[in-house]
S.K.: 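Below: one structure in structure tokens.
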Amino acid sequence: MTETLACARVRVLLEPFVDGELSAEQAESVRAHLATCDDCRLQHDQAVSLPFRMRALRSPLPPVTLLPAVMGSLAPAQRNAQRAWTLLIPEAVLAGFILWYLSGIEGLAALASGAWGDLQTLATWGAGSAPLPEIPTADVLLLGALALLSITAAYHLSVLARLADAGARPTLAERRRA
Amino acid sequence: MHAQAADALSVTFSPDARALHAGQLARQATGGDMEAFEELVRRLQRRVYGFAYQHLRDVNEAQDLAQEIFVKLYRNVARYDETRPFEPWFWKLAANTTINYRRKRVPIPTDQIVDRAVAPGVDDHDSELIDALAQLDPAYRLPVLLHYYADLPVDQVAASMRLTVAATKSRLHRARALLRNALAEADERNSQQST
């Protein structure tokens with residue numbers, strides 16, 4: 001025997017009923033109600049046709065300006081990305097200078113032994129048994145170049161981060177103009 | 001006619017680009033191939049613009065949103081996994097962009113809604129459904145459009161809206177019930193006017 005459902009209950013079950021998601025017993029109860037209720041039958045007809053009407057919904061064609069606008073808004077991002085590489089030129093020059101000064105493995109070894117010697121001299125100067133060590137001019141130059149390299153790299157990284165965030169996202173006004 | 005269209009295409013694109021499917025075009029676009037990306041936009045623009053228009057009911061805003069979706073696609077195309085279907089991935093991105101777009105845009109006051117730039121000729125077709133959709137809360141309208149207009153499966157709609165599949169189904173049922181009621185009321189009004 002099928003349960004007698006009220007209209008309000010049937011209305012809640014109509015979409016699951018149309019989608020075939022109700023149990024056999026519930027579906028039978030809904031079917032029995034629809035056979036006797038004109039209002040709910042009209043609602044059922046709407047529920048059945050709605051997905052088809054949704055899929056048949058007509059939309060306007062995209063304006064011819066859409067594709068050029070999209071590609072146009074991407075072009076500055078591309079140019080910015082290409083320009084961003086030129087930011088690396090000062091870093092490359094500074095890195096080249098440092099590498100030239102170090103002169104490969106021998107230069108590195110000389111730098112390490114020099115730094116170790118400086119530290120030892122500093123330690124004996126701290127103990128009051130030696131004069132203040134003299135730092136070679138070339139080491140000062142190297143230190144300056146390293147500091148400059150770090151500052152330039154940090155600045156350029158911040159520029160690149162800003163470009164990555166805003167480069168490919170044109171403003172609303174830019175899009176309107178496009 | 002078809003030959004003319006093919007000729008027009010061949011001016012801009014190599015035959016290879018036209019023969020590729022969307023996933024392959026996306027992969028090529030990842031490598032910086034702008035021709036492949038342009039072809040991808042060309043193929044998607046009709047559905048994306050239609051989706052944006054159905055959601056916003058304004059041709060200017062629809063173009064704005066469609067453009068934002070494609071810019072987002074360009075920025076994220078490197079994240080696309082070529083071993084998976086392109087369309088669900090893309091529509092998930094489109095849905096997220098739409099949600100964010102709605103959040104940041106200034107809502108149009110109710111008394112100015114009549115001034116929206118609607119597309120001529122389009123709103124005459126099934127105007128009851130269009131009106132009912134326009135009245136629907138965006139939280140219900142978006143899953144309906146994704147599922148029935150963009151043909152996204154329920155699980156993909158759920159993923160794009162960060163909902164469970166059960167919650168998405170429930171939301172779709174609720175949205176359809178609201179639309180059904182609005183359509184039934186419109187039918188009733190129409191039949192009363194005709195008698």
Side-chain angles (χ1 to χ4, degrees), chain A residues 8 10-19 21-22 39-78 81-82 164-178, chain B residues 32 34 37-38 41-42 45-54 59-60 62-64 66-76 104-105 118-126 128-130 132-133 144-145 147-149 151 169-170 172-177 179-184 187-188:
Chain A
V10 169
R11 306 276 169 102
V12 172
L13 294 174
L14 273 180
E15 275 69 32
F17 174 71
V18 169
D19 291 351
E21 293 171 357
L22 294 183
D39 285 346
C40 286
R41 206 160 47 243
L42 285 174
Q43 291 271 345
H44 171 257
D45 292 346
Q46 292 285 3
V48 169
S49 65
L50 186 60
F52 297 99
R53 288 171 73 176
M54 282 294 309
R55 289 194 170 100
L57 213 53
R58 202 184 296 163
S59 292
L61 289 173
V64 288
T65 53
L66 179 60
L67 184 63
V70 169
M71 299 313 292
S73 67
L74 298 178
Q78 265 195 316
Q82 284 163 358
D165 188 44
R169 192 172 52 207
T171 63
L172 185 69
E174 282 171 345
R175 285 199 297 273
R176 293 283 190 207
R177 274 202 301 277
Chain B
M34 293 306 282
F37 186 77
E38 189 169 346
V41 174
R42 195 183 293 272
Q45 63 172 343
R46 186 170 180 162
R47 284 164 68 208
V48 169
Y49 180 75
F51 166 79
Y53 180 76
Q54 294 300 345
V59 288
N60 295 322
Q63 177 166 1
D64 200 34
Q67 197 175 330
E68 191 155 322
I69 288 171
F70 286 126
V71 170
K72 204 57 116 15
L73 171 64
Y74 180 76
R75 291 183 63 198
N76 289 278
K104 69 183 176 193
R105 92 192 229 275
V118 294
V122 173
D123 282 4
D124 306 338
H125 168 73
D126 211 345
E128 287 94 358
L129 177 58
I130 285 167
L133 261 175
V144 165
L145 289 175
H147 185 55
Y148 294 105
Y149 189 81
D151 269 339
K169 270 189 183 177
S170 163
L172 281 170
H173 284 165
R174 176 80 183 127
R176 280 163 58 190
L179 289 171
R180 162 170 56 81
N181 279 327
L183 291 170
D187 273 3
E188 204 173 326

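Note that the structure is predicted; figures quoted are calculated from it, not measured. Basis for what follows: all heavy atoms, side chains included, without hydrogens, waters or symmetry-related copies. Protein chains get the first letters and strands the later ones, always in sequence-line order, with residue 1 at the start of each.
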S.K.: For A/Leu42, is it the side chain, the backbone, both or neither that has a heavy atom under 4.5 Å from a heavy atom of chain B?
M.R.: neither
S.K.: Under the side-chain contact (heavy atoms from CB on, under 4.5 Å) test against B/Gln45, which residue among A/Leu67, A/Leu61, A/Val70 passes?
M.R.: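 Testing each of A/Leu67, A/Leu61, A/Val70 against B/Gln45, the sole residue satisfying side-chain contact (heavy atoms from CB on, under 4.5 Å) is A/Leu67.
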S.K.: Please walk me through it: do A/Ser73 and B/Tyr74 pass side chain to side chain donor-acceptor pair (under 3.5 Å)?
M.R.: CA-CA 11 Å; A/Ser73 67; B/Tyr74 180 76; over 6 Å; no
S.K.: Holding to side chain to side chain donor-acceptor pair (under 3.5 Å), I want the full list of residues that pass it with B/Arg46, two or more places apart in sequence or in another chain.
M.R.: none
S.K.: Pair B/His147, A/Met54 - check side-chain contact (heavy atoms from CB on, under 4.5 Å), show working.
M.R.: CA-CA 10 Å; B/His147 185 55; A/Met54 282 294 309; over 6 Å; no
S.K.: Can you tell which part of B/Leu172 gets under 4.5 Å to a heavy atom of chain A, answering side chain, backbone, both or neither?
M.R.: neither
S.K.: Could you look at B/Val144 and say if it's the side chain, the backbone, both or neither that has a heavy atom under 4.5 Å from chain A?
M.R.: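 Contact with chain A involves both backbone and side-chain atoms of B/Val144.
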